[in-house]
Structures are given as C-alpha cells and as structure tokens.
Protein chains: 2
Amino acid sequence: MATIKQVAKQANVSVATVSRVMNNNGYVSAEARAAVEQAIADLDYAPNRVARSLFTKTSGLIGLIMPDITNPFFPQLARAIEDVANQHGYQVVLCNTDEQLEKEQGYLVALQTMHVDGLIITTNHSDNPNYEKLDLPMVALDRIVKSGIDAVISDGYEGGRLAADTLITSGATRLVHIAGPEQLQTVKRRTEGFLDVAGDRLIGMTHSNFTFKEALTAAQTLFDTHWPFDGLFAANDVIAAAVLQEAVRRDVRVPEDLQVIGYDGIELGEMTSPPLTTIAQPIYEMGRLATERLLDLIEKRDVETKEMLLPVTLTERQTTRRKGQDR
Amino acid sequence: MATIKQVAKQANVSVATVSRVMNNNGYVSAEARAAVEQAIADLDYAPNRVARSLFTKTSGLIGLIMPDITNPFFPQLARAIEDVANQHGYQVVLCNTDEQLEKEQGYLVALQTMHVDGLIITTNHSDNPNYEKLDLPMVALDRIVKSGIDAVISDGYEGGRLAADTLITSGATRLVHIAGPEQLQTVKRRTEGFLDVAGDRLIGMTHSNFTFKEALTAAQTLFDTHWPFDGLFAANDVIAAAVLQEAVRRDVRVPEDLQVIGYDGIELGEMTSPPLTTIAQPIYEMGRLATERLLDLIEKRDVETKEMLLPVTLTERQTTRRKGQDR
DNA sequence: TTGTAAGCGTTATCAT
DNA sequence: ATGATAACGCTTACAA
C-alpha cells in the first residue's frame, strides 16, 4: 500500500498538502489539488488508519459486547448496529461474553487498548464497576447498566400487560406464565406487567433461562403440574417455541385448547408451526437507535444521558384466536 | 491510560527496557524487570495497540465477511470464529455484505487500511478479483472462492446422498427436492448428491433462496403441483421449516405421510414441531478450523494452500421414520 | 545489561 | 498557498 509520502512525491508537493486535500481543510490551490488527486488515483492510495488513529486517538471502531450471538435475539440487533455503524464509516468488533465477568473484563481492556471510539453493551453485569470508570462513550441495549449510562430498551411492562390482555380478550381464563432469568431487569418487567393484569386468573408459573433445552423442561413441568390451562405467556419466543413443541407432543391443540404468546418478535416466530403470536420489540429499531445515540455521544453532539423506552406491539399470528373469535 | 514513557519514568529505566520486559526479548536484569513490573501494576498500564500496530504492521484484528448475520446459519460460525480468535488474542470485525459486491469492496478497503491480519470470507463472489490481489492471509468458509485460497467446507455431495438414502431406506418412494440458490457451489453439491441416489424416484423439484418467506412459496408450489409425495429433501433447514409449516396447514402428517430432511443442523431444527431430521454440518468445527487455519497462515506456520472437506452426519429427529420402522 | 534515537504513517502547528 | 517538522506510543537497531 502506498503511503502519503509516496503520494506527495508523485504529486510533487509536500505531505502536508496531501493531508490537506484528503481532509479537506486548509488552503490548497486548484492545481495542487488536482495533482494530488491524480497521484492518489494512480497509486491507489488509501490513508493508513492505524497511523491516523495514533495521532487522532480515534479508531472508527465500535465495540459490541453481547452474551452470545448464537442466541437468536442478538443477530438482528448486531445487524442493525453494524448497518448504521457502517453507514457512518465505523466498523464493529464483535465480543461474546457468555455473561462471564472475566471475559467481559478481558474484552474491555482489549477494546480500550485498541482505542475503540465507543461501546454498545447488552450485558447483565450492571454491578460491573469497570463500565463506570471506563470513560468511553457507551450505550446499554436491552439492558439497564447503571444510572449515568444511556440505555435503549423496550417497554416490557406494557408488553406483559398486552400479552395478558390479548389472552383474556380472546377468551382465556386459566393463565400460566414462564418467566425468564430472574436477574434480568428488563425481562422481569414483562412478568410484572403480565401478572398485574392476569390477577387471579393466573393458575401457575415457572422460570426458565433462554435456552431451548431448559425451556422445554420448564414447559413439561408446567404441563405436568398445572394442566389444563388455556392461555400461556412466555418470557421470550424461544421459550414459546418450546411450549409449542411440547403442546403437539401432548396433542394439545394450539390455539383451540391453548393460546400461546411469546415475546421478542424474532424471526423464529414465523417458522414455528403454527406461527407464533408474540409481543414484538422493535429490535432493529432498537439497535439503530442505540448506535445513532452512540455516534452522537462519540461525536459530542449531545451530552445529557437519557434512557429510551420503546413501545412494543402485538404481532398476531396463529397461536392465539382473533379477538372476538369464538373457540 | 498510561504510556510506556510514564512507566519508564516510574520504574527509573528507559522505555526500551520497559518494552523488553513487556515483549520478553533482549536482556533485562532481575531488578529492572521487577521495577518495571511494579510500575506497570501501579499505573495499570496496558500497551497501546495502535502504536504497536503502526510499527509491527499487525493489528490483532480479523475481518469476518459474511452475507448476513441474521441468517441463522451464520451466528454459530461467527461464534466459533470469535471464540478461537479470542483465545489467541485476536478480535474480529463483523461485516455484513448482503452478497453485494459494492459493500464487499467497501469493507475490503476499510479492513485493509486498518491493517487486519487476515480475513475469513463466506461469500459468493468468487469472481471478485479483489480477493486475489489482496495479498492478505484469508480462508473461505462454506464457500469456494478461487483456487489458491484455502477453504473449509462440508461434504455436500455426500450429504445429499445421505438424505436420499435415509428417505428411501425408511420407505419413501416418491421423492421431491427444494434446491438452494443456483450460484452457490457448495449448495449445488447437495442437490447433485441427492439426485444421484434418488434416481427416478424423484418426481418433482423446485428452487428457493434461503429466506423463510420465499421458501414458504416454494413449498406451496411443490404441494400444489406435485402432491402426493412422501419424501422431501430441502437444501437447508430454513426451507425445511417452511415445508413443515406448510404441511401442517394442509393437514399432511409428518413423518407419517411425508418425511422431511433438512440440511445444516442449525438450532432452529430442534425448535420446529416436530423437531427436524437433518443432515448436520459440523458448523462450529468448521468455524474453528477455518480460524485456526487462518492463524497458521498469519503466523506463517504453514504455507501450502489446502481445501478441507468435512464430513456431515445424519441427525435423526422426528420428521423421518426410524430405519426399518413401518409407516 | 541498558539507553539513545530512528522510524512506522499520519495530522497540525508554525513559518514562509 | 505551501513546506518543514514535531508529535502520537511503540519497537528495535546500535552504541555504550
């Protein structure tokens, strides 16, 4: 790869002039500019970002810290982030932490020493003191890290309410719920909202993490101990898919005997049989917003920290009966 | 962040000495080493990778170019890659190309100017001349780029054969197939293998890309034009999921009336109802191997280019009948 | 065994 | 309007 020096030589100017035309600042005559541009084209020159980075202390890199890209909720988020980052000339460094503090630490120093310009984090460890002392622009996504850090999340409480409301409106009277991991604040809200409107229609409840395997176990337990019930709200779509699978195994008809609502709105929901009714978060939008916010922070366009709460919507597919439709 | 100069000062030695202890080369007395280590700890010093990168021309960064992380085949691959990269002190930069040459180009120059140490590419554009003239260590994954470039792929031809064989062995006599995008070499092989053993048992066939939506359309077409058939092989698991969904819509019982086999072995296959029998690629293993190979290339441990063809296996779940089991 | 200093490719200051 | 040059933080000759 050519260097700025070679370009300067080829164009018969100094490196300063080349730098000026590249960055479009300072005076440069039309001839000089033309010569430089010619040289750049001739040599197929592109500035060395490492060198530039050393001087400017900015890298054009964004660190993306998530538990596990393999969890189907995250790819869409990652995609959104990567899209807007790319549109603004940034690249993203992918980091899977498996929620392990240790890995998180490792990445944090790695990212710091490579001078990433900012961080997007979807992690549990709100107790991790390292974030606060990090002094890097960052925004939390789908999680609340700590006051003082920007966050974009969806309205889980309303989502939970909406789920209960939908189930009840379409005739369910015996409700059950599979909640998510207890330590996830944003997930807990879904449960709270659901319970608040379910009231004493709730006849059973259990917990599961977000792996399909454990969700299947939870579903089985629920069927074993609380059947019959006619409305189920799962804390996310993966759990709902497990419920669906268990239902067919038991010859429980969905939605005739049992209505099921998931949460997230990931693509998996379209692929189950029958396709899953769900409370959809605006996932892509959340990723987009978080990244735009981060870029604002990085480029110092805004300074007051804020928390963005996005509305969720009901995506009616075929695991619920249409409102007003009889069983 | 502290700099090497500050460490040197604190330890009362020169920067050269600090550098020596950090990189463990050259002579350095025990006392000097101790002093430096103390200073490093005191100042919480970590070397600036950008500066180091400028000198060494290596960045510790690997570029990962894929069509779309949102396609459920890729997250597992990405995960494997990130895992082994991380284990060796490398980070990975995620790039989604949507198979668009233009985006690919953009990333290529971005990655190049930031001096990534190597590239892992899962892309179609084998015709893209830019790869060859890139002069960067790289390995193609799940795709064949061009001779001269290392590749790791799975044995699609044998996979196709295995699918047909499985279907036939468990009693299917009227076979159909939904093939993948024509331009994907590695996917085409699956079809070739399948056709070779299906022979004249094949009564119908169509194409689809890997989006669920289009797969659903393809499945509908196939049912409309060729039903009844009793064995179906889909070019990947997403297509198979679409088939499953369409089957329940039509009250076709799986596997009693129709046996279905997918390809890939992604987690989605566990979540369908019933869970999907599939030809499983060793996805994680492929990602792992590709990355290890890339690191070998980067660190010049091996030089002859090779193509690694990994075996596939049958994952029997519940969309096929067990061999020898009657219908 | 240790230190001085050149150099990696930029940007920006300061003369001119 | 343009060119020298110092500086960014590191590694590695080379000298001592």
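As a basis for the values below, the full set of heavy atoms in this structure was taken, side chains included, without hydrogen atoms, waters or symmetry mates. Labels below follow one simple rule: chain letters A, B, ... track the order of the sequence lines, proteins then strands, and each chain is numbered from 1.
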Report all interatomic pairs (protein N or O, nucleotide N or O of nucleotides 13-16 of chain C) with separations under 3.5 Å.
none

Has A:K5 got a side-chain N or O lying under 4.0 Å from the OP1 or OP2 atom of C:dT10?
-> no
Could you check A:I153, A:I81, A:L289 and say which one makes a side chain to side chain contact (heavy atoms under 4.5 Å, CB included) with A:L141?
-> A:I81
Is there a side-chain contact between [X] and [Y], using heavy atoms and a 4.5 Å cut-off?
{"X": "A:Q76", "Y": "A:Q281", "result": "no"}
{"X": "A:Y107", "Y": "B:N86", "result": "yes"}
{"X": "A:L108", "Y": "A:L119", "result": "yes"}
{"X": "B:V50", "Y": "A:V50", "result": "yes"}
{"X": "A:L111", "Y": "A:C95", "result": "yes"}

Atom of B:P311, atom of B:P282 and distance for their closest heavy-atom approach =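 What the structure gives for the nearest pair is O-CD, 3.5 Å.
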Please name all residues satisfying side-chain hydrogen bond (donor to acceptor under 3.5 Å, both in side chains) with B:N209, sequence neighbours left out, ordered by chain then number.
-> B:T211, B:E214
When you measure from every atom of DNA chain D, which of residues 29-41 of chain A have a heavy atom less than 4.0 Å away?
->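 Going residue by residue through residues 29-41 of chain A, the ones with a heavy atom under 4.0 Å of DNA chain D turn out to be A:S29, A:A32.
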Report the residues that fulfil salt bridge (Lys or Arg N to Asp or Glu O under 4.0 Å) with [X], sequence neighbours left out, ordered by chain and then residue number.
{"X": "B:E307", "answer": "none"}
{"X": "B:R293", "answer": "B:D150, B:D302"}
{"X": "A:R20", "answer": "none"}

Strand-adjacent residues in residues 42-53 of chain B, judged by heavy atoms under 4.0 Å from DNA chain C |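 By residue number: none to list.
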List in chain and number order the residues that pass side-chain contact (heavy atoms from CB on, under 4.5 Å) with A:V84, two or more places apart in sequence or in another chain; answer none if no residue qualifies.
->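 A:V84: side-chain contact (heavy atoms from CB on, under 4.5 Å) contacts with A:Q87, A:H88, A:R288, A:T291, A:E292, A:L295.
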Looking at residues at least two apart in the chain, or sitting in another chain, which of them share a side-chain contact (heavy atoms from CB on, under 4.5 Å) with A:V15?
->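 For A:V15, the residues satisfying side-chain contact (heavy atoms from CB on, under 4.5 Å) (neighbours in sequence not counted) are A:I4, A:K5, A:A8.
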To the side chain of A:F55, which of C:dT10, C:dC8, C:dG3 is closest?
->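 Between C:dT10, C:dC8, C:dG3, the one nearest the side chain of A:F55 would be C:dT10.
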Among C:dT1, C:dG3, C:dC8, the nucleotide that comes nearest once only the side chain of B:S14 is considered = C:dG3
Please tabulate, for side-chain N and O atoms in residues 25-47 of chain A, each donor-acceptor pair with protein atoms closer than 3.5 Å (sequence neighbours left out).
from	atom 1	to	atom 2	distance (Å)
A:S29	OG	A:A32	N	3.2
A:D42	OD2	A:Q10	NE2	3.4

Heavy atoms under 4.0 Å, any strand shown: does B:S19 hit a base, just sugar-phosphate, or nothing?
-> base
Please report how far the helix from C:dT1-D:dA16 to C:dT16-D:dA1 bends, comparing the axis fitted to its first five pairs with the axis fitted to its last five, to the nearest 10 degrees.
-> 50°
Mind calculating the distance between CD1 (A:I4) and C1' (C:dG7) to the nearest angstrom?
-> 16 Å
Could you give the NE2-to-P distance, from A:H115 to C:dT10, as a whole number of Å?
->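 Going from NE2 in A:H115 over to P in C:dT10 covers 18 Å.
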Pair B:E267 + B:R79, salt bridge at N-O below 4.0 Å | no
Carboxylate-amine/guanidinium contact B:E99 B:R143, below 4.0 Å =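 Result for this pair is yes, salt bridge flagged.
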Segment of DNA chain D, first to last nucleotide, that comes within the 4.0 Å heavy-atom reach of chain B = D:dG9 to D:dA13
5' priority, DNA chain C, between B:Y27 and B:K57 [closest heavy atom] =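 Closer to the 5' end of DNA chain C: B:Y27.
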